[in-house]
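Below is one structure; the comments refer to it alone.
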Amino acid sequence: MRFAPALILACCVFLAARADDNAAPDANNPITRAFAISVAKSRCPEYPDRFGFVDKAEWIPGKGYWVVQLDDRSGDHGRIYYIDRTGKVVGTKEINGTPPKV
């Protein structure tokens, strides 16, 4: 019983750390990672038939947008979506063969 307060505190810290896993990385970014992925999926005409796998969803802080990469099973073909902080797709790039550097 004497460790109960420490255990409760440890659980609260753990849950608080897990709560931000899906959050956007900065306060100026109103959309989350999950929302950026859903925008990319809804804009991709080949989802889920051809490009059904989310390979990467990454916030690029210097440029101010999310990069969401949808791939096929092999990972050799796909499409990259650039989604700004308002949820608007500001660019796309096709992947044929080797994935381009972002």
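FYI, the numbering just counts along the sequence from 1. All values reported here derive from a predicted model rather than from experimental measurement.
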Can you check side-chain contact (heavy atoms from CB on, under 4.5 Å) on V54 and K41, steps first, answer last? CA-CA 9 Å; V54 177; K41 287 178 178 179; 3.7 Å; yes
side-chain contact (heavy atoms from CB on, under 4.5 Å) between D55 and L70: does it pass, once the steps are laid out? CA-CA 6 Å; D55 186 36; L70 302 176; over 6 Å; no
List the steps, then state whether side-chain contact (heavy atoms from CB on, under 4.5 Å) holds for V89 with Y81. CA-CA 7 Å; V89 175; Y81 287 88; 3.9 Å; yes
Under the side-chain contact (heavy atoms from CB on, under 4.5 Å) rule, what do K93 and Y82 come out as? Steps first, then yes or no, please. CA-CA 9 Å; K93 188 181 287 188; Y82 302 99; 3.6 Å; yes
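Counting all heavy atoms, side chain and backbone alike, V39 lies closest to G87 at CG1-O, 3.6 Å. Scanning both residues, F51 and C44, for their nearest heavy atoms gives CD1-SG, 3.9 Å. Nearest heavy-atom pair, I31 versus T86, reported as atom, atom and distance to 0.1 Å: CG2-C, 4.1 Å.
F53 and I95 fall into different hydrophobic clusters, where Ile, Leu, Val, Met, Phe, Trp and Tyr residues are linked whenever their side-chain heavy atoms come under 4.5 Å apart, directly or through other members.
No side-chain heavy atom of S38 sits under 4.5 Å from any side-chain heavy atom of R43. Residues R85 and Y65 fail the side-chain proximity criterion, which asks for heavy atoms closer than 4.5 Å. Using a 4.5 Å cut-off on side-chain heavy atoms (C-beta onward), H77 and D72 make contact. Considering only heavy atoms from C-beta on, V90 stays 4.5 Å or farther from I83 through its side chain.
For the atom pair CH2 of W59 and CZ of R33, the computed distance is 13.5 Å after rounding to the nearest 0.5 Å. A distance of 14.0 Å separates CZ in R73 from CZ in R50, rounded to the nearest 0.5 Å. We find the CZ-CG distance between R79 and N96 to be 9.5 Å, quoted to the nearest 0.5 Å.
No donor-acceptor distance shorter than 3.5 angstrom exists from the side chain of D71 to the backbone of S74, with no hydrogens or angles considered.
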